[in-house]
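Right, one structure below, let's go through it.
Every number for a ligand or one of its atoms is a count from 1 in the order of the listing.
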Amino acid sequence: MSYVRDFLGWAKEKNPNEPEFLQAVTEVAETLEPVFERHPEWAEDRVLERLSEPERAVSFRVSWLDDSQRVRVNRGYRVQFSSAIGPYKGGMRFHPTVNLSVLKFLGFEQIFKNSLTGQAIGGGKGGSDFDPKGKSESEVMRFCQALMCELWRHLGPDTDVPAGDIGVGSREVGFMYGMDKKLRNAWTGVFTGKDPASGGSLIRPEATGYGVVYFASEMMEAHGESLEGKRCVVSGSGNVAQYTVEKLIEIGAKPVTMSDSGGFIHDPDGITREKLDWVKELKNERRGRISEYAEKYKGMEYTETGGDSGVTGPWELECYGVFPCATQNELDEKSAKRMVESGVRLVAEGANMPSTNEAIKVMQDAGVLFGPAKAANAGGVAVSALEMAQNSQRQAWTREVVDARLQDIMKRIFGACCEAAEKYGKKEDYLSGANIAGFEKVAQAMRFQGVL
Ligand code: NDP
Ligand code: 2IT
């Protein structure tokens, strides 16, 4: 029995009710087979068993009063996965579907993503089943403050530094960071994604989406191709999707779709800068639905997803590039098959684990260039680490400096994926390359530090 198969059996037994977590663990572990053949010492160290067990996970009650003075109760979490190479680092997600399995998959992915950035950041994730949709601003503030009354004691600039994720943007980060600062009685900059006036880094809001397009451009360039003039399908309409679309427009590609949990719009001539500005206002200020795009701009199609329609996203449209930027498992095997049939060339994952493991196999077998999430969307956390660096220096870098650092980091991540894939005879398999390159540094650090 191989170490990896042995480990996966153990992990399944140990986490029977955590499908998302097991999916992420399986995807990583299966690509590491050749690594353990070459490094039996890491198998003896039981590195996978140790890495798949969070160093610490806290779950806590969050009680708060809504606007009608009704008592509400939510569950808050922080999963501190690995501090082998730096303080725990990863976002907070507020969404009704948040549970331990979802946060463990996100925290596990974050270990390898953060390692790939080349910066000193460990892996963590947190969040709550709180749904910000339909809540007033003061309800969101009271909830964030109530959550921080517990969470702050687990954080610290050298211990654990959260940021945003689904349902947590600049507004929520501001409320959480403010309460942390008050309770700690210290300006530590312990969240990233802060507003610049409170120590936030320029380019952090843009970083994930811009980074996805920088990574996709690296994949294209390596094949003598480019995204210029190419039709691209984007899902989501939140932070990552907005800045993916913005950078696609900037490089001359043609993004034609955006979506939310209700459905997607299709703009065959391409979403323009002006229309994107309107979407930003719709989503970030008015917090409206993407269906309004088809009311505002005549002649646009809006397609509902979910329910009995069988449509899961904009995956049936003919296009060259696909950028899933909404949520996990939004792209399944059936959709992947249809995309392959219609000739898609490149997929770059903006969301975390947006493709099922079966969908990835279909795409890779068909020779689609596949940029896995932990590499393609690492630009966000990379600029978070730059925010930490600026805070500890008490300095603020210009947009140009941060953007140049981001571009350089994405180039290096692509290089690291290629190099690791090639080293193990998996040329152009960027998924294996990302997992191996991310893993090797962490495994080396764990061996150096002894059995912990
Ligand atoms: P936002 O909350 O800003 O946007 C999320 C988008 O995804 C919205 O359009 C939302 O639609 C849609 N969405 C959320 N849940 C679902 C669902 N269950 N089904 C269909 N659509 C859904 O989040 P982000 O843009 O920050 O995050 C998007 C993805 O990118 C996530 O996977 C996140 O983990 C990942 N990511 C984020 C980073 C960041 O820096 N923010 C960094 C790296 C990865 P609706 O409004 O209808 O819910
Ligand atoms: O998934 C992710 O990388 C994030 N949500 C960003 C994490 C961060 O700490 O910036």
Q.
Would you say the rings of Phe414 and Phe215 are close, in the sense that their centroids are separated by under 6.0 Å?
A.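 Centroid separation for Phe215 and Phe414: below 6.0 Å.
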(Q) Please report whether ligand 2 has a polar contact with Gly164, defined as an N or O pair separated by less than 3.5 Å (distance criterion only). (A)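 Between Gly164 and ligand 2 (N or O atoms, distance only) the closest approach is under 3.5 Å.
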Q. Can you check whether Gln110 has an N/O within less than 3.5 Å of an N/O in ligand 2?
A.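 N/O-N/O distance below 3.5 Å exists for this pair.
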Tell me whether ligand 1 is touched by [X] - counting only heavy atoms on the residue side and a distance under 4.0 Å.
X: Gly169; result: no
X: Ser259; result: yes
X: Met258; result: no

Determine whether the side chain, the backbone, both or neither of [X] has a heavy atom under 4.0 Å from any heavy atom of ligand 1.
X: Val240; answer: both
X: Arg93; answer: side chain
X: Glu330; answer: neither

Q.
Out of Gly91, Gly167, Ala241, who is nearest to atom 2 (O) of ligand 1 when you count heavy atoms only?
A.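 Ranked by closest heavy atom to atom 2 (O) of ligand 1, first place is Gly167.
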Q) Which atoms of ligand 2 are found less than 4.0 Å from any heavy atom of Lys113? A)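 Atoms satisfying the 4.0 Å criterion: 1 (O), 2 (C), 3 (O).
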Q. What atoms of ligand 2 come within less than 4.0 Å of a heavy atom belonging to Asp165?
A.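 Within the 4.0 Å cut-off of Asp165, ligand 2 contributes 1 (O), 5 (N).
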Q | Pairwise distance CD1(Ile436) to CG(Leu431) - rounded to 0.5 angstrom | A |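 Between Ile436 CD1 and Leu431 CG, I get 9.0 Å after rounding to 0.5 Å.
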(Q) Quiz question for you: does at least one protein heavy atom lie closer than 4.0 Å to atom 10 (C) of ligand 1? (A)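 For atom 10 (C) of ligand 1 the answer is no, since every protein heavy atom stays at 4.0 Å or beyond.
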Q: May I ask you to say whether Glu246 pairs ionically with Lys280, meaning some side-chain N is under 4.0 Å from a carboxylate O?
A: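 A salt bridge links Glu246 with Lys280.
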Q) Between Lys135 and Phe94, is NZ or CZ placed under 6.0 angstrom from the six-membered ring centre and within 45° of the ring axis? A)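 Lys135 over Phe94 ring: no.
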